[in-house]
Amino acid sequence: MFNNAIKKKIMSQITNNIMMIRPVAFRFNEQTAINNYYQKNQNNLSVDKIHSKTIFEFDNFVDKLRNIGVNVIVINDNNNYDTPDSIFPNNWISFHQNNSIVVYPMNAENRRKEKRKDIFKILNDKYLFNFKRIYDYSKYEKNSKFLEGTGSMVLDRVNKICYAAISERTNKSLVKVFCKEFKYKDICFSAYQNVLGERKKIYHTNVMMCIADKFAIVCLDAVEDLSEKKKLVSSIQSTGKEIISITRKQKNNFAGNMLQVLGNKPHIVMSKAAYLCLTSLQKEKIQKYCPILYSDLQTIETFGGGSARCMMAEIFLTKK
């Protein structure tokens with residue numbers, strides 16, 4: 001029983017510690033819009049207006065997370081570089097239960113500038129988080145191979161399964177590099193969406209699926225290959241999780257971009273847009289397992305093409 005308790009403590013799907021980056025120059029990023037079809041540039045808003053609305057949404061979101069007991073570590077971005085997408089840190093960094101950190105190869109050149117070594121020192125010195133090793137995969141950028149963190153990979157941390165929709169930003173060989181290093185089983189597949197009448201690959205896996213402790217949110221319609229879909233479903237079901245399926249339209253409203261966090265109790269976190277597009281039955285299924293927390297992220301979703309999950313980098317490091 002003692003060994004099982006230790007295992008349960010070490011192998012956790014969710015964490016109480018979340019890192020978020022408060023932006024200073026958030027805007028529509030032309031470099032990422034090439035393959036992020038969720039971004040929309042609204043020219044009727046000034047830069048100052050976009051910034052003020054973004055900061056309001058960000059701070060309100062942080063307050064909501066803290067109000068349910070989540071330990072949110074907010075680190076301010078700086079003006080040293082043009083980093084319009086710094087608000088989405090989960091793409092360039094992840095923190096793991098073996099006290100290691102991974103830094104990822106990013107597709108857009110201006111997103112590579114988000115990588116900040118000073119954050120490691122802040123987490124260690126100010127917040128007393130331990131880390132023993134840093135795996136830096138940035139070298140693969142030279143060969144145009146990309147893997148954008150827990151955007152590219154949706155991790156079942158307890159069962160050591162990595163789900164990855166292969167795309168320009170999610171290189172299959174790098175998925176396997178990560179999985180070999182961290183002893184995960186990879187479940188790779190292709191997921192598609194309609195873009196102006198064409199079928200395009202979904203750029204990040206966490207747009208179309210979320211793995212929680214006892215359930216999974218998945219847009220199965222996005223996986224067109226029947227054998228890949230069967231393998232995906234079989235893998236999730238083998239872990240005892242209930243699959244709550246969402247439609248393509250709901251996916252387009254960021255219903256796949258959720259994250260379960262640990263506050264005073266587990267909560268599933270999503271944007272207001274995601275919440276409003278869910279059916280009553282879907283909400284009931286989710287709330288069997290945990291309460292829902294949602295926040296209005298309209299400006300961030302519109303210009304950034306990312307939502308609630310993208311804004312939160314989970315910290316599984318132990319403390320000193």
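These numbers come from a predicted model, not from an experiment.
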Close side-chain approach of [X] and [Y], heavy atoms under 4.5 Å:
X      : Y      : result
Pro84  : Asn110 : yes
Ile315 : Ile18  : no
Ile119 : Ile21  : yes
Ile243 : Gln237 : yes
Lys272 : Tyr275 : no
Val223 : Val218 : no
Thr170 : Glu148 : no
Ile217 : Ile246 : yes

Tell me whether [X] at atom [atom1] has more than 12 heavy atoms from other residues, nucleotides or ligands lying less than 6.0 Å away.
X      : atom1 : result
Lys49  : NZ    : no
Lys283 : NZ    : yes
Lys319 : NZ    : yes
Leu281 : CG    : yes
Lys320 : NZ    : yes

Using the side chain to side chain contact (heavy atoms under 4.5 Å, CB included) rule, take Met153 and Tyr184 through it: C-alpha gap first, then chi angles, then the decisive distance, then the call.
CA-CA 11 Å; Met153 300 179 294; Tyr184 275 74; over 6 Å; no

Please answer whether the main-chain N or O of [Y] pairs with a side-chain N or O of [X] as donor and acceptor at a distance below 3.5 Å.
X      : Y      : result
Asp221 : Arg248 : no
Asn124 : Phe129 : yes
Gln13  : Leu155 : yes
Thr83  : Asp85  : no
Asn79  : Val24  : no
Thr205 : Ala165 : yes
Asn91  : Gly149 : no
Gln193 : Ile202 : no
Asn143 : Lys145 : no
Ser307 : Asn257 : no

Is a salt bridge present between [X] and [Y], judged by a nitrogen-to-oxygen distance below 4.0 Å?
X      : Y      : answer
Lys53  : Glu301 : no
Glu314 : Arg309 : yes
Glu228 : Lys231 : no
Lys214 : Glu242 : no
Lys229 : Glu224 : no
Asp59  : Arg22  : yes

Going through the distances and angles, do Arg112 and Glu141 end up as a salt bridge (charged side-chain N to carboxylate O under 4.0 Å, His left out)?
CA-CA 9 Å; Arg112 299 171 193 175; Glu141 290 167 351; 3.7 Å; yes

What residues form a side-chain hydrogen bond (donor to acceptor under 3.5 Å, both in side chains) with [X], not counting sequence neighbours?
X      : result
Arg133 : Tyr135
Lys230 : none
Glu57  : Thr299

Rounded at 0.5 Å granularity, tell me how far [atom1] in [X] sits from [atom2] in [Y].
X      : Y      : atom1 : atom2 : result
Met208 : Leu220 : CE    : CG    : 7.0 Å
Lys176 : Asn171 : NZ    : CG    : 11.0 Å
Thr15  : Arg157 : OG1   : CZ    : 8.5 Å

Sequence neighbours excluded, the answer for ring-ring contact (aromatic ring centres under 6.0 Å, His included) partners of Tyr289 is Phe215

If I compare all heavy atoms of [X] with all of [Y], which pair ends up nearest, and what's the gap?
X      : Y      : result
Arg111 : Phe88  : NH2-O, 2.8 Å
Leu278 : Gln250 : CA-NE2, 3.7 Å
Cys179 : Asp186 : SG-CB, 3.7 Å
Lys201 : Ile166 : CD-O, 3.3 Å
Phe95  : Phe316 : O-CD1, 3.5 Å
Asp77  : Pro23  : CB-CA, 4.0 Å

Pairs of donor and acceptor atoms involving the side chains of residues 60-76, under 3.5 Å and at least two apart or interchain, shall be tabulated with distances.
| residue | atom | partner | partner atom | Å |
| --- | --- | --- | --- | --- |
| Lys64 | NZ | Tyr294 | O | 3.0 |
| Arg66 | NH2 | Val72 | O | 2.9 |
| Asn67 | ND2 | Asp63 | O | 3.2 |
| Asn71 | ND2 | Asn17 | OD1 | 2.7 |

Verdict with supporting geometry, Met20 and Phe58, side chain to side chain contact (heavy atoms under 4.5 Å, CB included):
CA-CA 9 Å; Met20 298 178 67; Phe58 179 91; 3.9 Å; yes

Is there a side-chain hydrogen bond (donor to acceptor under 3.5 Å, both in side chains) between Tyr140 and Ser173 once you walk through the steps?
CA-CA 11 Å; Tyr140 292 104; Ser173 65; over 6 Å; no

Under a 3.5 Å cutoff, is there a donor and acceptor pairing between the side chains of Lys132 and Ser100?
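The criterion, which ignores hydrogens and geometry beyond distance, is not satisfied for Ser100 and Lys132.
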
Within the 3.5 Å criterion, strictly below it, is a donor on Gln282 or Thr279 matched to an acceptor on the partner's side chain?
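There is such a pair (donor and acceptor under 3.5 Å, judged by atom type) between the side chains of Gln282 and Thr279.
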
For side chain to side chain contact (heavy atoms under 4.5 Å, CB included), just list the numbers for Ile292 and Ile286, CA-CA rounded to whole Å, side-chain angles, deciding distance to a tenth of an Å, and then say yes or no.
CA-CA 8 Å; Ile292 295 171; Ile286 292 170; 3.8 Å; yes

Phe178 and His96 aromatic centres sub-6.0 Å
yes

Please say yes or no: joined through hydrophobic side-chain contacts below 4.5 Å, possibly via intermediate residues, are Leu232 and Ile211 part of one cluster?
yes

With sequence neighbours excluded, residues passing side-chain contact (heavy atoms from CB on, under 4.5 Å) with Ser235
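Applying side-chain contact (heavy atoms from CB on, under 4.5 Å) to Ser235 gives Ile161, Tyr163, Ile187.
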
Let me see the working for Val103 and Phe120 under side chain to side chain contact (heavy atoms under 4.5 Å, CB included), right down to the final yes or no.
CA-CA 11 Å; Val103 178; Phe120 306 154; 3.9 Å; yes

